[in-house]
Amino acid sequence: MDISALIALIIVFIMLSSALCVLFLPNMIAAVMASSVISLSLTIIFALLKAPDVAMTEAAIGAGLGSLILAIGLKRLNYFNIESHQSNVSGTDPGQ
Amino acid sequence: MTHFANYLTTYLTTEIILYTGAIGLLVIGLLGLLVLKNIFRLLLSLVIFESGANLFLVLSGFRANGIAPILTSTQENMSQLVMNDPVPQALVLTAIVIGVGIQALALSLIIKIYQRYRTLDMNEIHRKLEQDIAGISQSTPLASQEQPLYLYQKNSLVQNNEGEK
Amino acid sequence: MKMLSLLVVLPLIGAFLIPAIARISVSIAKFIGPLILLYLLSITMPAFMELQSGQSSAIHFAGFLPPYGIAFYIDELSLLFANIILIAFLMVWPWNKNNFSDNHSEIREYSLYLLLLAASSGLVLSSDLFNLYVFYELLAVASYGLIAKQPKIEGIASAASFRYLLLSASGSVLLLLGIALIYSLTGTLNIAHLSSVANESLNTFAGVAAFLLILIGIGVKAEMFPVNSWVPEVYGVISRPLSALFAGLISKIAVLFIAKVLLMVYQQDSILTMILFIGVLGVLTGELIAYRARDMVRMLSFSSIAQLGLVFTALAIPGKTGLYIAVAFMLHHLVVKSALFFLSEKMHSNHEHLKGLYHQSPFIVILFIFLILSLLGIPPFPGFWIKLNLVLNLSTITYGNVAIAIVLLATVIEAAYLFTLVKKMLANDESNKQIAYQTGYQSSYLFAVLLAIILLVSTFNISSLSKSIENMANNTN
Amino acid sequence: MSKFSTLIFISGLSFLLIVITAQLPIAHPPMLIGQYIIDHAVQDTGVTNIVTSVVLAYRGLDTLGELAILFTAASGVGLLLSNKLNTKLQPSTKTVRLSNSNFIIEHALNLLFPLLLVVGFYVIFHGHLTPGGGFQGGVIIASAFFLNILAKPYKSSDSEIESTHNNLTIIESLSGVTFIAIGLYALISGHDFLEPFLSHGQLGSLWSAGTLPFLYIAVGLKVGAELSSLLITLYDIDSEELTD
C-alpha cells in the first residue's frame, strides 16, 4: 500500500466519521464544525486527486464561506450557545 | 498475514478508497435527509449529499499516474504528459458554487420559517403548513391575511424546545 | 440564427441590470423586462416562420464545435417552445401589481422573472447535459425565490418553498450524479455525441442506473409520480398566474429535458417499460387524490399530476410516435391547465362555496365546462383525438393493455369529480351567490378567454394541426 | 419500524452504488472530449491552466449560468430577508448594534485586510496561469470585506450600510454586464457568443490568453460583490428577531 492510499484511507475515515457527527451530534455548533471538517477533508482529497483548482474552490467556498453562512444561520436561529444542547430557547440574547 | 497485506496492496488503491468515501458521503447524506426532523440538520445533510456527488464527479476524471492539468515551465514535451481530465474539474467548480448559493437561500428560508412557526421540527411545520393552506383556501383568495409578524411574535413568546429532539 | 443565443443572454443581462437601474429610476427598470420579452419575440417569431420543415441548425458557443464546446440545437420543436415561453412570460408578467410595499422587493421580483425566463429558454435549446443541469438549477433557484415571496403569507410560502427546495435540491444532486456516471462511462456530455456512443457504453447496468438518477432528478420538476409531494403545497400558496406558469409551462420544459435524453440516448425496452409504469401510476394516484379534493387549487394540481402521467405514458411508446403524442399532450395540457388556473382566480377556491356560480356569472361556467370537456377527452375536442391516438398506440407495446385499462379508469374517475363540480356550479343556491364569484385580476380572465379561443380554433383545425406536430416530432433529431 | 425500513433502503442503495461503481472504468476514463481539450487548449486559448480554458472558453456558458445562479440566490436572500417593513412596524426593537469586538481584533484586522485583498486579486489575476481564479479570489475578497463588518459592527451606521449596499449592487451589475458584453462584442462582430478574441500573447505571461483574464476579473468582482451583499444581508443584526 503506497503512501497516498494510506493518506486517502485516513482522510476518508475522518470524513465519514465527521459526516456521521453532523447527523447525530446534539450540539449544533459541533455539527456545523463537523461539516466544515468534511469540507477540509474533501480539500485534501481533491489535492490528492491532482485537482488543485477544485481543492482551492472547496477550501474557499465549502470550508470557508459555507461554514460562515451556516454559523450566521446558527446565530439567527438562536442555536449559538455552546453549553446547553437543548438550545434554541426563545428570548435569550444571541450575542451573549 | 502477508497474504492479507498483499491482498490489501493489490486491491485497496487510492481510487477505490476515495470511491468508497464518495459513496459513504452520498449514503450518509441521504440517510440524514430521510431520518432527521430538524430542518437545519436537513440542510446540513443536503450539503453532505452534494459533497458526495462532487467527489464522485472529480473521481470520474482521475487517471492513474495523471498529473494536474496545468502546464509548468519544467515540462518539456507536451504530448508525453498524462494529464487528468480537466472537464470534470471545471464541472465540479460550477457545482460547488451552485451548492453554496442554494445553501444560502435555504438558510434564509429556514430563518423565515422560524419567524413564522417558532419551530424547526419538520413534521410540525408540515402539519401547520397543511392547516394554513386549508385556511387560505377557506378564506377568499385575494384577501387572505396573515397575522402580522410583530403581533404573532408577541403572542407566542413561549419557551419552545421542539427544534431539537 | 446566431442571434437566437440572445434568448438566454438578453434576459440575463436584463436581470443583472435591473437592480442597478432601479437605484437611478424605478420606472425605467420596470419596463426593461417587457421590452426584452417583446424584442426576443420579434427575433424568434420570424425565425420560427422561416425555418423550413425538417431543417435544423446548431448555435455554437465560444467558437468551439459541439462535442468540445456547448451548442444549442435549433429545430421546429425547440423554436416552438421558445415562442411559447416568451408568450407565457408576457402573460404572467407582474404588470401592475402593487403587492409589495417597497420598490426594492418588486425590482428583485422582476429580476427573478427574467432569470426564470433565461433558464427556461436555455433548457429548451441546449443540447449539452451539464449545461442543461446548470439551467435546471437556475430554474430551480429562481422558483424557490418566487414561491417564497408571496405578499401577506410570507411565512407559509417560505415553508412550502423550503419543503420544495429539499426535494428539488436532492433531485438535482441525483441528476448531477447521473451526469457524473454518464461522463465516467462515455467521456462526453453532448447529447448528439452521446447517442452515437450509447450502444457500446451505456447499454450496461450502470448506464441504466444513470438514466434512472436523471429521471428522478428531473422528475421533481416534471411532477413525476413518486416525487411530486410538493405540488399541492406550492400551488396552494402561490398566486394563480404563477401556478399557471408552473403547471402549464415549467413542468413541460422538464418533460422535454427527459424526452431529449430518452429519445436520443436511451431507447431500450426495459427503460420504456419503466417509464410506462411511472406514467400509469402517476395518472392513477393523481386522479384518485383529485377525486377526494374539496378545493379547486388542490384538484387542479392533482389533475395536473395525472396529465403529466399521461405524457410519460406517451413517452413509453418507442420512437417518434411517442414523442408526437407526448408533445401533443403537452401542448394541450399547457393551454387547458393554464386557462383553468387563470380562470380559477375568478372563482372561490372551496367547492362548497362554488354553488350557484352559474347564476352569478354564466360565461365563466360555460368556459369552465368547455375546458374540462377537452381535458377529459370528450369528442370532438382536441383532448379526445390525442387520447384516442395514445390508446391506439399503447395497444402495440408490452403491458400496453394494462396501461389502456388504467388510463380509461382514470378518465372515468376524472369525469366523476369534474361533473360533480359542474353540477354544484349549476345548482341554484341563492345564499352562495356573492361568495362564489371573485373579483380577480381582469387580465387573468382575459388570458383564460384567449387560451380558450386558441383551443376552440384548434378544435376546428385538428387534422392540419396534428399533421404539423407529427412532422415536427419526426424532424427532431 | 419506519427507521428499520429506512435502514434496509439505505443499505440496499449503498450496495447498488457499489455495484454501479464496480462497472466504471476506474482510473482509466474514456476521455473522449477531455483528451482533445488537453491537446488543443494551449493553441486555442493560450492559457497554461487548462481548467481555466474549460471554465471560461469551452464551457463559458456554464460559467455565465453559474454567475446567474449566484445572483439569483443573492436576490432571493435579499428578497426574503429585507425586513424594511418589519423594522418600521416594530419601533420597540432598538438599533443598537452588538459590539462584541475588541481592540485586538480591530487592529489585527487592519493588518489583515489589505493582505487579504492582495491575495484575492492575485488569485484572480493569475487565474489563467496557476490554480485559482475568479471564484476563489472573489470569495477571498468577500471574506475580507465581511471581516471588516464583523470586527467593527458598531462603527457602521445605517446610512453607511445603505451606501455599501448601493455600491455592491452597482459593482454586481456592472461586472455581470461586463462579462456578457465581452461575449456580445464577439457575437456582434460576427463570431460566436463568448468567443475569445485579442491575441494570445506570450504563453505563461500575465498579459496572455486574450480576453480570458478580463472575463475572470469580471467573474471575480461579481462573485465578491454578490457574496459580500449576501453575507451582509444574512448578518444584518437590525432585523435580529429575538433580541427583546
Side-chain angles (χ1 to χ4, degrees), chain B residues 13-16 19-20 22-24 26-28 30-31 34-35 56 59-66 68-73 78-79 81 83-91 93-98 100-109 111-112 114-115 148-151 153-154 157, chain D residues 3 6-7 9-11 13-14 17-18 21 24 26-29 31 33-35 37-39 41-42 47-55 58-59 62-63 65-67 69-70 72-74 76-77 80-81 86 89-90 92 129-131 133 135 203-204 223 227 230-231 233-234 241-242 244:
Chain B
T13 54
T14 316
E15 305 90 66
I16 301 283
Y19 265 111
T20 319
I23 292 175
L26 284 169
V27 168
I28 292 174
L30 198 59
L31 180 75
L34 288 177
V35 300
F56 210 96
L59 276 165
S60 74
F62 179 69
R63 276 166 107 178
N65 307 320
I70 295 171
L71 295 180
T72 52
S73 50
M78 268 285 297
S79 55
L81 298 175
M83 281 186 176
N84 284 346
D85 196 342
V87 179
Q89 300 191 9
L91 303 187
L93 222 70
T94 310
I96 290 175
V97 178
I98 292 174
V100 85
I102 290 179
Q103 193 180 331
L105 191 61
L107 196 63
S108 61
L109 285 174
I111 292 171
K112 220 61 196 170
Y114 188 58
Q115 285 177 351
L149 190 62
Y150 64 101
L151 280 179
Q153 277 181 3
K154 273 179 192 158
L157 271 182
Chain D
K3 288 216 165 158
T6 314
L7 277 181
F9 172 70
I10 288 288
S11 43
L13 185 92
S14 36
L17 277 174
I18 290 168
T21 314
L24 298 180
I26 295 174
H28 300 284
M31 306 241 307
I33 55 175
Q35 193 58 53
I37 288 176
I38 290 174
D39 293 342
V42 176
V47 296
T48 57
N49 183 358
I50 297 176
V51 177
T52 300
S53 79
V54 179
V55 168
Y58 290 95
R59 309 191 68 84
D62 280 353
T63 307
E66 181 185 357
L67 285 181
I69 290 174
L70 212 53
T72 317
V77 173
L80 283 168
L81 294 184
N86 268 344
L89 287 172
Q90 276 176 293
S92 58
L129 303 174
T130 55
F135 295 106
L203 183 68
V223 170
L227 291 177
L230 199 151
L231 285 171
T233 321
L234 271 176
E241 304 81 30
L242 294 160
D244 46 345

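In what follows, chains are A, B, ... by sequence order, proteins preceding strands, each numbered from 1.
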At a heavy-atom separation under 4.5 Å, does D/Leu13 approach chain B through its side chain, its backbone, both, or neither? side chain
Relative to chain B, which segment of D/Phe9 carries a heavy atom at a distance below 4.5 Å: side chain, backbone, both, or neither? side chain
Spacing of [atom1] belonging to [X] relative to [atom2] belonging to [Y], to within rounding of 0.5 Å:
X        : Y       : atom1 : atom2 : result
B/Leu59  : D/Ile26 : CG    : CD1   : 8.5 Å
B/Glu15  : D/Thr21 : CD    : OG1   : 13.0 Å
B/Gln115 : D/Leu80 : CD    : CG    : 10.0 Å
B/Ile23  : D/Ile18 : CD1   : CD1   : 5.0 Å
D/Met31  : B/Met83 : CE    : CE    : 10.0 Å

What is the minimum heavy-atom distance between [X] and [Y], and which atoms define it?
X        : Y        : answer
D/Leu70  : B/Gly101 : CD1-CA, 4.2 Å
B/Ser108 : D/Leu81  : CB-CD1, 3.7 Å
D/Gly34  : B/Pro86  : O-CD, 4.3 Å
D/Val77  : B/Ala104 : CG2-O, 3.8 Å

For side-chain contact (heavy atoms from CB on, under 4.5 Å), just list the numbers for B/Val100 and D/Phe135, CA-CA rounded to whole Å, side-chain angles, deciding distance to a tenth of an Å, and then say yes or no. CA-CA 12 Å; B/Val100 85; D/Phe135 295 106; over 6 Å; no
Region of [X] that comes under 4.5 Å of a non-hydrogen atom in chain D:
X       : answer
B/Ser60 : backbone
B/Leu26 : side chain
B/Ile96 : neither

Would you check, one step at a time, whether the test side-chain contact (heavy atoms from CB on, under 4.5 Å) holds for B/Gln89 with D/Ile50? CA-CA 10 Å; B/Gln89 300 191 9; D/Ile50 297 176; over 6 Å; no
Option in B/Leu107, B/Leu105, B/Asn65 with maximal non-hydrogen atom pairs under 4.5 Å from chain D: B/Leu105
Option that, when pairs with chain B are counted at under 4.5 Å, heavy atom only, ranks first among D/Ala74, D/Pro29, D/Ala73: D/Pro29
Between D/Asn49, D/Leu24, D/Ile69, D/Leu227, which shows the greatest number of heavy-atom pairs under 4.5 Å with chain B? D/Asn49
What pairs with D/Leu7 under side chain to side chain contact (heavy atoms under 4.5 Å, CB included), at least two apart in sequence or on another chain? B/Leu31
